[in-house]
Q: 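Below you will find the structure I want to go over with you.
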Amino acid sequence: MTSPRVILEIRPSYTSEALLRKIQGTVVLEVVVTRDGRSSHIQIVRSLDSGGLDDRAVAAVSQWRFEPGRLAGVPVDVLVIVMMDFTIR
């Protein structure tokens, strides 16, 4: 079995509310990477805030593209954990 590999990563943007509240941290997502390399069934495992960063993380990961995981050389759906960090620079 080979794991999926990210080939297109979209970074999420901050919401105005999260910037004003200076929220930083990590949103943890559970994502099914489908055999065609897309994100599916995205679930929030650990929330960061109610200021919209969770939604921004889900929206960003839904745009990611992957080299799919393979089993015996055949593309398969794979469950992965994605940790989306938010830091104010």
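Heavy-atom basis, side chains included; hydrogens, waters and symmetry copies ignored. Just so it is clear, the model here is predicted, and its values are computed rather than measured. Nothing fancy with the numbering, it's 1 onward along the sequence.
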Q: Looking at T26 and M84, would you say the former's side chain and the latter's main chain have a donor-acceptor pair under 3.5 Å?
A: no

Q: Is a side-chain donor or acceptor of T2 paired with a backbone partner of R70 at a separation under 3.5 angstrom?
A: yes

Q: Do I42 and M83 sit in one hydrophobic cluster, given that two such residues count as connected whenever their side-chain heavy atoms are within less than 4.5 Å of each other, even indirectly?
A: no

Q: Show, in sequence, the C-alpha distance, side-chain angles and deciding distance for T34 and D77, and conclude whether the side chain to side chain donor-acceptor pair (under 3.5 Å) test is met.
A: CA-CA 4 Å; T34 63; D77 293 352; 5.0 Å; no

Q: Same cluster for I10 and V28 if Ile/Leu/Val/Met/Phe/Trp/Tyr side chains link at under 4.5 Å?
A: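 Not linked; separate clusters.
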
Q: Between V82 and W64, what is the shortest heavy-atom contact and its length?
A: CG1-CH2, 3.8 Å

Q: Check whether Q24 reaches the backbone of I88 with its side chain - one donor and one acceptor, N or O, closer than 3.5 Å.
A: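 Checking the backbone N and O of I88 against the side chain of Q24, a donor-acceptor pair under 3.5 Å is found.
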
Q: Give me the atom names and distance for the closest heavy-atom approach of A59 to S62.
A: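 The answer is O-OG, 2.7 Å.
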
Q: Out of curiosity, Q43 CD to L79 CG, how far, rounded to the nearest 0.5 Å?
A: 10.0 Å

Q: Do F66 and V74 sit in one hydrophobic cluster, given that two such residues count as connected whenever their side-chain heavy atoms are within less than 4.5 Å of each other, even indirectly?
A: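 As far as the 4.5 Å side-chain criterion goes, V74 and F66 are not connected within one cluster.
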
Q: Is there a donor-acceptor contact under 3.5 Å from the side chain of R65 to the main chain of Q63?
A: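 It does hold such a pair.
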
Q: Please check this pair: side chain of D54 against backbone of V27, looking for a donor-acceptor N/O pair closer than 3.5 Å.
A: no

Q: State the CG-NE2 distance between L29 and H41, to the nearest 0.5 angstrom.
A: 15.0 Å

Q: In terms of hydrophobic clustering (I, L, V, M, F, W, Y; side-chain heavy atoms under 4.5 Å; direct or indirect links), are V6 and V32 co-clustered?
A: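 In one cluster with V6: V32, no.
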
Q: Quick check for you: to the nearest 0.5 Å, what is the distance between L48 atom CG and D55 atom CG?
A: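 So the CG of L48 and the CG of D55 are separated by 11.5 Å.
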
Q: Is the backbone of R56 close enough, under 3.5 Å, to the side chain of Y14 for a donor and an acceptor to pair up by distance?
A: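 No, Y14 side chain to R56 backbone: no donor-acceptor pair under 3.5 Å.
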
Q: Which heavy atom in V31 sits nearest to a heavy atom in S39, and how many Å separate them?
A: CG1-CB, 3.8 Å

Q: Can you measure from CG (D49) to CD1 (I23) and round to the nearest 0.5 angstrom?
A: 4.0 Å

Q: Starting from L8, can I reach V78 by hopping between I/L/V/M/F/W/Y residues whose side chains sit under 4.5 Å apart?
A: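 Same hydrophobic cluster.
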
